[in-house]
Amino acid sequence: WLIPGWPVAKNSQLTKLLKDQPERQAALARLLDPQLNLVATLAKGELLAQDGPAQAANFLMKQARELAARETFFHWWTRFPTVFGPGGRGGFDIVLGNPPWDRIKLQQVEWFAERDLSIAAQPRAADRKALITALQQKNAPLWQAYAQAAATAETQARVVGTGKLGSGDYPLLGGGDVNLYSLFVERAQTLAAPDGLVALVTPSGIAADKGAAPFFRALSETGRLGAMLDFENRKGLFPDVDSRFKFCVLLFGGPERAFAQTRCAFFLHSLDELDTEPERTLLLTAADFARVNPNTGAAPIFRSRRDADITLGIYARHPVLVRHGPQGEDKAWPVKYARMFDMTNDSGRFLKPDELERQGWQRAPLNRWRKGKDEAWPLYVGRMIHQYDHRSASVEVNEANLKVATLSDRTGSAAKADPSAFPAPQYWVDAEAVPAPLRRTWALGFRDIARATDVRTMIAAIVPGTVAGNTLPLLVDQAMGAREASLLLANFNALTFDYITRQKAQTTHLNWYILEQLPVIAPARFDKPLPTAFTAAARAAGLMNGHHANPTVADFVIPQVLALSYTAHDLAPFARDLGYVDAAGEPLPPIVWNDDERRARLAALDALFFWLYGLGADDAAYVMAQFPIVREQDERAFGRFRTCEDVLDWLRHVV
């Protein structure tokens with residue numbers, strides 16, 4: 001930034017870098033002396049004076065030159081003076097690019113995988129750290145190389161970041177765990193002329209990630225977003241990238257370039273589809289972006305105009321889970337998001353069975369360990385649950401794969417018919433490690449790892465306790481009792497809700513900021529009467545008893561959630577809180593797992609939520625057609641799309 005005509009204020013960035021080093025501050029003061037020809041001095045590379053500040057200045061310039069030679073810095077303003085200098089347009093007419101898709105933060109496993117597999121293969125971060133510390137104590141060459149790589153990555157992240165030591169060049173996209181592509185996007189914005197254009201190929205996260213929200217919102221709400229063409233890598237357009245990875249072509253204008261509408265297309269596999277399937281091209285307005293993502297302004301994912309019409313209609317009729325505004329949060333339901341244990345940072349708390357035994361723990365009922373009055377609870381992670389099922393899978397260590405360190409060992413229906421059968425976790429955690437205000441006997445959790453192309457995207461369940469990894473976030477608000485949790489869980493697991501979620505899930509993570517902006521059925525709606533025909537059908541099918549003369553929607557939903565969730569002894573506290581108890585107030589036995597009964601309950605719930613969301617039979621059939629893996633599984637098992645048939649059969653009782 002130290003070039004002729006460049007604002008002197010930019011020099012303050014140097015001051016930030018030297019803030020805590022007095023001798024370097026003196027060197028900087030000498031370099032910035034108004035009597036000194038700074039450009040000539042930098043070109044020459046040294047000051048002739050021999051006093052302390054001059055020598056420090058010379059050393060500083062030497063370091064800077066060595067750093068510049070190693071990092072090959074590039075300065076747009078000096079390389080293109082006719083564009084950015086006096087008389088220039090102040091930017092390029094168009095900026096095109098396919099920037100690198102790499103995180104700046106050093107990825108420990110990947111780095112060591114190429115140098116020492118024994119370190120990279122450790123599934124627990126605490127064990128990798130111990131081995132790296134051993135290298136450090138020996139001052140091994142591998143440690144020196146790792147330290148240099150880590151320091152370089154840390155410095156890069158600091159310089160481009162938004163903190164006090166950052167360059168200030170990336171105020172919108174330089175925060176958090178920075179990916180290089182986001183820096184290129186923001187740099188491209190500054191390189192374009194006021195009426196210029198930018199067209200880049202980037203991961204789709206630029207339009208969906210929370211960290212990118214300020215940038216994308218500035219485009220979508222001001223009309224500067226010209227087009228967003230979203231692709232899935234199924235045909236290997238990028239051979240070295242996972243076939244499920246999503247990327248987009250992003251076209252936007254400079255600050256003086258605006259578009260009346262944004263041309264969008266999603267889940268493309270090739271450019272030809274834009275011509276052969278014109279119905280997939282949508283024209284969205286700034287108001288459309290704001291309606292479906294009121295907190296972030298992020299892009300939805302509409303595969304067709306019909307998807308847009310259905311989704312926008314639902315948003316017009318129903319509140320989002322949490323809306324952020326000038327006065328704070330407006331919550332439709334009492335929810336408090338919690339990530340209990342980070343699988344990397346908290347790995348030192350995780351205990352394997354052999355470690356528990358060495359430390360004097362004894363196996364205890366309900367899949368726990370006990371030592372005196374202390375208990376160690378199983379660490380639940382996302383892959384262990386499925387819809388209404390906290391026993392979906394055990395965790396199997398996958399030592400042969402560094403990128404996927406664990407696998408799911410699915411639990412069969414026969415095993416789940418035993419209420420004393422529990423999934424095997426990878427680790428257990430001392431229950432005392434859970435902060436007291438968040439400690440529960442059960443909680444509502446959902447899977448963080450999810451894709452819009454999986455069999456289901458939103459997967460939620462009631463889990464025992466609150467010992468859960470970051471791939472299984474929990475909702476633990478004090479005001480959320482068993483009744484509220486049951487109704488919200490049913491809402492989360494409904495096909496309609498999943499369908500809307502798919503319009504938002506651009507990456508492999510169902511982050512909280514996405515869930516917050518999804519439309520839910522308001523609590524008061526569950527207190528309305530259940531349609532008479534539906535009540536009769538539910539009673540005839542044995543899904544509802546006759547205790548309620550005029551049942552509400554909640555009177556039907558809650559027993560279904562109880563039957564689907566309470567299949568094992570470790571959820572007895574949840575059953576107790578729902579009032580499923582005997583005369584002495586003790587929980588009744590778990591409800592035995594039965595696949596046919598579960599299918600009937602799920603179909604009835606899905607039909608009910610189609611009705612609650614305001615969708616008729618035609619729209620419901622269309623929505624279910626957007627779940628091709630569900631159809632494929634049904635056709636293999638039953639020879640037909642049974643889920644769709646069962647739901648539509650129930651739906652005729654409410655529409």
Side-chain angles (χ1 to χ4, degrees), residues 386-389 413-414 416-417 419 456 460-462 482-483 486-498 521 525-568 571 574-575 578-580 588-621 623-624 627 630-631 633-635 637-655:
H386 213 272
Q387 293 178 312
Y388 302 106
D389 181 11
S413 297
K416 285 187 279 195
R456 294 294 292 263
I462 302 296
R483 182 182 189 275
S486 297
L487 297 175
L488 189 57
L489 176 62
N491 199 154
F492 282 174
N493 282 332
L495 275 166
T496 324
F497 189 84
D498 203 329
I521 304 301
R525 186 67 182 83
F526 289 95
D527 295 326
K528 301 295 183 180
L530 191 68
T532 303
F534 191 92
T535 301
R539 285 176 173 157
L543 302 185
M544 192 175 184
N545 59 39
H547 293 331
H548 301 281
N550 298 296
T552 65
V553 174
D555 290 333
F556 173 77
V557 172
I558 292 175
Q560 312 314 312
V561 174
L562 173 70
L564 291 165
S565 301
Y566 181 40
T567 61
L571 282 187
F574 175 67
L578 276 180
Y580 189 64
L588 292 167
I591 299 169
V592 178
W593 184 285
N594 181 292
D595 285 331
D596 290 335
E597 290 182 2
R598 293 179 70 84
R599 176 173 286 278
R601 295 183 192 279
L602 290 171
L605 284 171
D606 280 324
L608 188 62
F609 275 92
F610 275 123
W611 172 67
L612 290 171
Y613 273 107
L615 302 185
D618 289 343
D619 283 339
V623 166
M624 287 185 283
F627 292 83
V630 176
R631 176 194 288 271
Q633 291 178 343
D634 276 5
E635 290 176 346
F638 309 108
R640 66 189 195 279
F641 193 2
R642 182 176 171 181
T643 297
C644 184
E645 294 176 5
D646 290 350
V647 172
L648 292 178
D649 186 54
W650 277 100
L651 192 58
R652 64 188 175 87
H653 297 298
V654 290
V655 296

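Every value quoted in this text rests on a predicted model; they were computed, and no experiment measured them. Values below: every heavy atom of this structure, side chains too, minus hydrogens, waters and symmetry copies.
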Query raised in the report: Taking the six-membered ring for Trp, are Phe534 and Trp650 parallel (under 30°), tilted (30 to 60°) or perpendicular (over 60°)?
Result: tilted
Report task. Side-chain contact test, heavy atoms from C-beta onward, threshold under 4.5 Å: evaluate it for Tyr613 versus Asp619 and give yes or no. Result -> no
Query raised in the report: Taking C-beta and beyond as the side chain, do Val553 and Leu608 meet within less than 4.5 Å on heavy atoms?
Result: yes
Distance check, rounded to the nearest 0.5 Å: [X] atom [atom1] versus [Y] atom [atom2]?
X	Y	atom1	atom2	value
Leu562	Leu578	CG	CG	5.5 Å
Phe609	Asp498	CZ	CG	13.0 Å
Met624	Phe610	CE	CZ	4.5 Å
Thr643	Leu648	OG1	CG	10.5 Å
Gln560	Glu597	CD	CD	10.5 Å
Arg483	Phe526	CZ	CZ	9.0 Å

Quick check: closest heavy atoms across [X] and [Y], and the distance to 0.1 Å?
X	Y	result
Asp646	Ala603	CB-CB, 3.7 Å
Ala600	Leu543	O-CD1, 4.0 Å
Leu651	Ala607	CD1-O, 3.3 Å
Leu571	Ser565	CD1-O, 3.4 Å
Val561	Ser486	CG2-O, 3.4 Å
Ala554	Pro559	O-CD, 4.0 Å

With distance as the sole test, does [X] use its side chain to make a donor-acceptor pair with the main-chain N or O of [Y] at under 3.5 Å?
X	Y	value
Arg456	Asn493	yes
Tyr566	Leu588	yes
Asp606	Leu495	yes
Asp555	Thr552	yes
Arg539	Ala536	no
Asn491	Ile521	yes

Query raised in the report: Counting only heavy atoms not in Asp595, do more than 12 sit closer than 6.0 Å to its CG atom?
Result: yes
Report task. Begin with the C-alpha distance, continue with both residues' side-chain angles, and end with the deciding distance and a verdict on side-chain contact (heavy atoms from CB on, under 4.5 Å) for Met544 and Leu530. Result -> CA-CA 12 Å; Met544 192 175 184; Leu530 191 68; 4.1 Å; yes
Query - Charged N-O contact under 4.0 Å between Arg598 and Asp389 - result: no
Query raised in the report: Phe556 and Thr535: side-chain contact (heavy atoms from CB on, under 4.5 Å), yes or no, with the steps?
Result: CA-CA 8 Å; Phe556 173 77; Thr535 301; over 6 Å; no
Query raised in the report: Could you walk me through whether Leu605 and Leu564 pass the side-chain contact (heavy atoms from CB on, under 4.5 Å) check?
Result: CA-CA 11 Å; Leu605 284 171; Leu564 291 165; 3.8 Å; yes
